[in-house]
Structure formats: C-alpha cells, structure tokens
Amino acid sequence: QDEWLLDLRWAASARTRIDANIARIERRHERVALRDFDATNVQARVDWEPGARTLLRWTVGSDTASYQTDNASLARTDRWALLAQWAITPRLSLQAQTGEARRRYLRPPPGANPDPRRDRTRESSLGLTWGFADNASADLRWLHNRRHSTDASARYRSNGVQLGLSARF
C-alpha cells in the first residue's frame, strides 16, 4: 500500500487555526485483485478560541477503507464533529462533543449485487478533565452512540461512562 499525505496548517487569525490533510492511497493486494483500490481521503479542522478559556472545534472528513463482505469491497465514510471546550479553572475543563458519520458500502465482488446498506451513526459526549498534576490528568466522560441503518440488525443505541487516567512523560 502506498500513501501520499499533504498536511496544511494556517493561522487564519490570532484566535483561529485551520488544519487540513489530504491522503492519496493506492492499495494493491498480491493475491486478491478485488482488494485493490485507489482513494483520496480528506479531513479539515477549524479551531476557534473566542476567549482565553474557550475552544470551539469543527471537523469534517471523508475516507475510503477496505471492507470485505459478500456484497462490498470498500466502505466510504463522510463525517463531521463539533467540540466545545471550556477551561473552568487552569486544571479543570468541561468538554461537549457531537458528530455524525454516514457510511455506504461500495464495489461488490463480481457476480454480487451492490450492497444497499447505508449507516448513519450519531455520537455525543460530555466530559470533565481534571489535571491533578503537571503531567497527569483524570477524565470522566458520558458517551451516547446511536446507529441508524437500512439493515435492521446493524442498528444500536448505547450509553456509557468512561473513566480514564493519563500521564505524560
């Protein structure tokens, strides 16, 4: 597999930064030509800091990846996300995030019908991060995911709580 990547970063203003990347993928499988594909994946992110303690981030992207079933060889996913972060104190921050991913399944094997399945997954989270030391933090996050699909067996809804500890060296 060969990949070419172009990363772009632009400080649009003192409070706004724009990042983008474009990846070109050329995948060749030695034994199964059906798994070969060429794709261009893109992602863009805009960070805006309206105040010293607030960050708003908007991310959008589209990618193609290998996905092997009886009816598809590739999956194409288009997604977006919006994050809001507020530093309550220098060591405590609140984050809220929401986003959506839409996936379709492409390129059926020879003789197979195209996969009609389409998925839409919504994700939301609300979390607190506490930096209890200069190089360590604790995270508490509530997560909600829901997938709508044309395939009833692929639909789901989940809620969860995540607790994490991080250390930086």
Side-chain angles (χ1 to χ4, degrees), residues 1-27 37-67 74-107 117-149 155-169:
Q1 178 169 310
D2 292 324
E3 295 183 33
W4 291 271
L5 182 63
L6 175 63
D7 284 324
L8 304 169
R9 293 177 186 223
W10 178 42
S13 73
R15 297 185 179 268
T16 306
R17 189 176 89 205
I18 300 171
D19 295 332
N21 64 49
I22 302 169
R24 179 69 185 161
I25 299 170
E26 294 179 0
R27 181 176 176 182
F37 71 91
D38 297 339
T40 301
N41 296 341
V42 296
Q43 182 173 332
R45 184 179 84 191
V46 177
D47 286 350
W48 178 50
E49 296 178 0
R53 301 180 342 171
T54 307
L55 168 69
L56 296 175
R57 174 176 290 154
W58 177 68
T59 307
V60 63
S62 183
D63 62 83
T64 299
S66 179
Y67 185 86
L74 302 173
R76 185 79 183 167
T77 306
D78 301 314
R79 65 189 60 166
W80 64 267
L82 181 61
L83 166 86
Q85 181 174 308
W86 177 47
I88 300 167
T89 70
R91 292 197 178 265
L92 184 65
S93 66
L94 174 69
Q95 306 91 28
Q97 184 168 345
T98 188
E100 180 178 276
R102 291 179 181 252
R103 177 174 282 179
R104 54 192 195 279
Y105 303 89
L106 308 170
R107 218 168 83 193
R117 180 175 162 186
R118 302 288 182 267
D119 296 337
R120 181 175 52 118
T121 305
R122 296 291 310 251
E123 299 175 344
S124 301
S125 67
L126 184 62
L128 280 173
T129 301
W130 173 46
F132 57 87
D134 289 341
N135 64 342
S137 63
D139 299 300
L140 177 63
R141 194 165 313 282
W142 169 79
L143 307 163
H144 173 75
N145 296 319
R146 183 173 185 183
R147 179 192 288 161
H148 301 274
S149 179
R155 296 177 192 152
Y156 71 86
R157 179 187 301 224
S158 70
N159 290 297
V161 175
Q162 182 179 42
L163 177 62
L165 293 173
S166 299
R168 294 171 295 286
F169 299 98

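For the numbers below, each heavy atom of this structure counts, side chains included, while hydrogens, waters and symmetry mates do not. Counting begins at 1 with the first residue of the sequence. Being a predicted model, the structure only gives us computed values, none of them experimental.
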Minimal heavy-atom distance between S149 and R117, with the atoms involved, is OG-NE, 3.6 Å
So OG of S158 and CZ of R147: to nearest 0.5 Å the spacing works out to 10.0 Å
Could you go through D7 and R9, starting from their C-alpha distance and side-chain angles, then the distance that decides it, and tell me whether this counts as salt bridge (Lys or Arg N to Asp or Glu O under 4.0 Å)? CA-CA 7 Å; D7 284 324; R9 293 177 186 223; 5.5 Å; no
Measuring only between side-chain heavy atoms, which start at C-beta, is Q43 closer than 4.5 Å to T59?
yes
message = Counting neighbours of CG on D134 that are heavy atoms of other residues, nucleotides or ligands and sit closer than 6.0 Å, is the number greater than 12?
response = no
Measuring only between side-chain heavy atoms, which start at C-beta, is L126 closer than 4.5 Å to L94?
yes
Donor-acceptor pair, side chain of R53 and main chain of A87, under 3.5 angstrom: yes
| said: The test is side-chain contact (heavy atoms from CB on, under 4.5 Å); show your working for W86 and L92 and say whether it passes. | reply: CA-CA 9 Å; W86 177 47; L92 184 65; over 6 Å; no
Residues at least two apart in sequence or cross-chain that pass salt bridge (Lys or Arg N to Asp or Glu O under 4.0 Å) with E100, listed by chain then number, are R102, R120, R122
Taken to the nearest 0.5 Å, the spacing of E26 CD from E3 CD works out to 10.5 Å
CD1 (I18) and CH2 (W10) are apart, to the nearest 0.5 Å, by 5.0 Å
Is the shortest heavy-atom distance from the side chain of L74 to the side chain of R104 under 4.5 Å? no
query = Does a donor on one side chain sit under 3.5 Å from an acceptor on the other, for R24 and T40?
reply = yes
For this session: Measure from the side-chain N and O atoms of R91 to the backbone N and O of G131, and report whether any donor-acceptor pair falls under 3.5 Å.
Result: yes
A81 and Q97 have their tightest heavy-atom pair at CB-NE2, 3.9 Å
Here the pair of heavy atoms bringing N41 nearest to T64 is OD1-N, 2.8 Å
One should read off an interatomic distance between L83 CG and W58 CH2, to the nearest 0.5 angstrom, of 14.0 Å
Within a strict 4.5 Å, meaning less than it, do heavy atoms of the R17 and E49 side chains meet? no
Note: L128 and Q95 closest approach over all heavy atoms is N-OE1, 3.9 Å
OH (Y156) and CG (N145) are apart, to the nearest 0.5 Å, by 5.0 Å
Smallest heavy-atom separation, R76 atom then S62 atom, equals NH2-OG, 2.9 Å
Taking every heavy atom of S137 against every heavy atom of R168, the minimum-distance pair comes out as OG-NH1, 3.9 Å
In this structure, CD1 of I22 is separated from CH2 of W4 (nearest 0.5 Å) by 14.5 Å
From the list D78, D119, T77, D63, side-chain hydrogen bond (donor to acceptor under 3.5 Å, both in side chains) partner of R103 resolves to T77
Q.
If you count heavy atoms of other groups shown closer than 6.0 angstrom to CH2 of W142, is the number above 12?
A. yes
Review point. Is there a side-chain contact between R141 and T129, using heavy atoms and a 4.5 Å cut-off?
Key: yes
Residues at least two apart in sequence or cross-chain that pass ring pair (Phe, Tyr, Trp, His ring centres under 6.0 Å) with W130, listed by chain then number, are F132
